[in-house]
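Inspection log for the structure reproduced underneath, given as structure tokens.
Chain identifiers are assigned alphabetically (A, B, ...) following the order of the sequence lines, protein sequences preceding nucleic acid strands; residue numbering begins at 1 within each chain.
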Amino acid sequence: RVVYSSAIDAYCRCGEVNGAYQIYEEMVKQGHAPNVVTISIFVNALAKDGKYHEAECIIENSFDGSWELDTIAYNTYIKAMLDSGKLYSAVSIYNRMISLGVQPSLQTVNTMISVYGQGGKLDKAVQMFKSAQSLGLSIDEKSYTNMISYYGKAGRSQEAFILFTKMKENGMRPGQISYNTMLNAYAIAGRHHEAENLFEDMKSDGHPPDSLTYLALIRAYTEAHEFCKAEEAAHRMQKEGISPS
RNA sequence: AGCUUUAUCUGAG
């Protein structure tokens with residue numbers, strides 16, 4: 001069964017969902033019942049392929065009580081609903097998971113932060129972020145970056161920066177993505193002075209700016225109506241040989 | 001054997 005499931009996964013990763021399905025049929029014909037892993041693989045592949053409706057059908061059918069869905073299966077389902085934009089379904093699957101006593105993992109938390117963040121429910125996202133501690137999960141750089149991003153999108157750059165600071169206090173070195181995300185939070189809020197400072201910190205911290213770094217910096221200036229500085233930054237980017245995204 | 005290769009832009013829902 002492991003061999004069949006792995007083969008199905010391999011087909012899916014090549015975008016050959018149909019080939020995967022043939023293996024699936026053969027597997028069933030040989031008397032090997034599909035298990036939770038097989039289902040997760042299919043749901044994941046269908047969702048990545050944009051076939052959300054089919055993914056949802058499999059998910060719904062798997063709720064008939066005959067499956068012992070585990071943490072990864074629920075994570076896969078929640079992610080599929082997030083990607084399809086069905087945030088309400090994502091939440092309801094999460095609630096189901098909790099009420100059935102399935103342990104959330106850090107990935108569950110990170111995905112749910114995105115679900116709430118994209119749904120504009122920043123307070124819920126924060127709640128999720130904080131709940132990680134009580135679940136005994138240690139927040140990673142992704143969790144912080146995710147939260148920083150949503151604070152930023154809500155125009156709350158000061159709270160974003162508090163998290164950015166806390167991340168460093170907890171011994172995590174922000175990488176390029178974290179810096180870009182924090183920079184973007186300042187950009188949305190038009191805080192160009194803070195953005196400039198962070199831009200310098202980023203470089204001295206050993207992270208070379210990329211096109212997204214400059215995009216954020218330029219946006220910080222334009223949001224603040226500092227158009228000359230925006231143009232300067234754009235020139236500096238070109239001079240450094242970075243092509244715009 | 002399966003789940004965030006997470007950040008930036010525009011539009012649709």
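Under the 4.5 Å side-chain criterion, counting only non-hydrogen atoms from C-beta, Arg236(A) is in contact with Tyr214(A). Residues Tyr151(A) and Phe161(A) are not in side-chain contact: their nearest non-hydrogen atoms beyond the backbone lie 4.5 Å or more apart.
Across all strands, Val3(A) comes closer than 4.0 Å to no nucleic acid atom at all (heavy-atom distances). Here Ile41(A) lies in heavy-atom contact (under 4.0 Å) with sugar-phosphate atoms only.
When the salt bridge (Lys or Arg N to Asp or Glu O under 4.0 Å) test is applied to Arg13(A), the partners found at least two apart in sequence or on another chain are Asp9(A). The salt bridge (Lys or Arg N to Asp or Glu O under 4.0 Å) test applied to Asp70(A) returns no partner, not counting sequence neighbours.
Rounding to the nearest 0.5 angstrom, the gap separating the CE atom in Met81(A) from the CD1 atom in Ile93(A) is 5.5 Å. Atom OG of Ser143(A) and atom CE of Met147(A) lie 10.0 Å apart (nearest 0.5 Å).
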Can I get a per-line list of side-chain donor-acceptor pairs under 3.5 Å for residues 44-61 of chain A, giving both atom names and the distance, sequence neighbours left out?
| residue | atom | partner | partner atom | Å |
| --- | --- | --- | --- | --- |
| Asp49(A) | OD2 | Lys51(A) | NZ | 3.2 |
| Tyr52(A) | OH | Asp83(A) | O | 3.4 |
| Glu56(A) | OE1 | Lys86(A) | NZ | 3.0 |
| Asn61(A) | ND2 | Cys57(A) | O | 3.2 |

Donor-acceptor pairs under 3.5 angstrom involving side-chain atoms of residues 14-22 of chain A: please list them, not counting sequence neighbours.
none

Anything under 3.5 Å between a donor and an acceptor, one on a side chain of residues 178-192 of chain A, the other on a protein residue two or more places apart or in another chain? List them.
| residue | atom | partner | partner atom | Å |
| --- | --- | --- | --- | --- |
| Ser178(A) | OG | Glu141(A) | OE2 | 2.5 |
| Ser178(A) | OG | Thr145(A) | OG1 | 2.8 |
| Tyr179(A) | OH | Asp205(A) | OD2 | 2.7 |
| Asn180(A) | OD1 | Thr213(A) | OG1 | 2.6 |
| Asn180(A) | ND2 | Asp210(A) | OD1 | 3.2 |
| Thr181(A) | OG1 | Ile177(A) | O | 2.7 |
| Arg191(A) | NE | Glu194(A) | OE2 | 3.2 |
| Arg191(A) | NH2 | Glu194(A) | OE2 | 2.8 |

Donor-acceptor pairs under 3.5 angstrom involving side-chain atoms of residues 112-129 of chain A: please list them, not counting sequence neighbours.
| residue | atom | partner | partner atom | Å |
| --- | --- | --- | --- | --- |
| Ser114(A) | OG | Asn110(A) | O | 3.4 |
| Ser114(A) | OG | Asn146(A) | OD1 | 2.9 |

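Distances shown here put every side-chain N or O of Arg219(A) at or beyond 4.0 Å from the OP1 or OP2 atom of rU8(B). Phosphate proximity of rC3(B) to Arg13(A): present, with a side-chain N or O under 4.0 Å from OP1 or OP2.
In this structure, Asn44(A) atom CG and rU5(B) atom P are separated by 10 Å, rounded to whole Å. Put simply, CD1 on Ile113(A) is 20 Å from P on rC3(B), counting in whole angstrom units. Rounded to an integer number of Å, the gap from CE of Met97(A) to P of rC3(B) is 15 Å. Spacing between atom CD1 of Ile23(A) and atom P of rG2(B) amounts to 16 Å, rounded to whole angstrom units. Residue Gln118(A) contributes atom CD, which lies 12 Å from atom C1' of rA7(B) at whole-angstrom precision. The separation between Asn35(A) atom CG and rC3(B) atom P is 14 Å, rounded to whole Å. Between Leu163(A) atom CG and rU6(B) atom C1' there is a gap of 15 Å when expressed in whole angstrom units. Residue Leu69(A) contributes atom CG, which lies 13 Å from atom C1' of rC3(B) at whole-angstrom precision.
Residues Ser89(A) and Tyr77(A) bring no donor and acceptor atom of their side chains to less than 3.5 Å of each other.
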Run the numbers on Lys203(A) and Glu200(A) for side-chain contact (heavy atoms from CB on, under 4.5 Å), then give the verdict. CA-CA 5 Å; Lys203(A) 287 192 289 188; Glu200(A) 294 307 322; 3.7 Å; yes
Full working for side-chain contact (heavy atoms from CB on, under 4.5 Å) between Arg96(A) and Tyr74(A): CA-CA 9 Å; Arg96(A) 183 188 179 93; Tyr74(A) 277 107; 3.7 Å; yes
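For the residue pair Ala230(A) and Ile218(A), the shortest heavy atom distance occurs at O-CG1, 3.9 Å.
Within residues 4-11 of chain A, the residues having any heavy atom under 4.0 Å from RNA chain B are, by residue number, Ser5(A), Ser6(A), Asp9(A). Less than 4.0 Å separates RNA chain B from at least one heavy atom of each of the following residues of residues 144-161 of chain A: Asn146(A), Ser149(A), Lys153(A). The stretch residues 75-89 of chain A touches RNA chain B through Asn75(A), Thr76(A), Lys79(A), each having a heavy atom within less than 4.0 Å of the strand. Across residues 165-184 of chain A, Ile177(A), Asn180(A), Thr181(A), Asn184(A) each have a non-hydrogen atom less than 4.0 Å from an atom of RNA chain B (numbered order).
Judged by distance alone, the side chain of Thr71(A) and the main-chain N or O of Gln103(A) form a donor-acceptor pair under 3.5 Å.
Under a 4.5 Å side-chain heavy-atom cut-off, the cluster of Ile, Leu, Val, Met, Phe, Trp and Tyr residues that includes Leu212(A) is completed by Leu215(A).
Tracing side-chain contacts under 4.5 Å through hydrophobic residues (I, L, V, M, F, W, Y), one never reaches Ile8(A) starting from Val2(A); they form parts of separate clusters.
Helical stems in RNA chain B, defined as runs of 3 or more consecutive Watson-Crick or G-U wobble pairs with both donor-acceptor distances under 3.5 Å, are not found.
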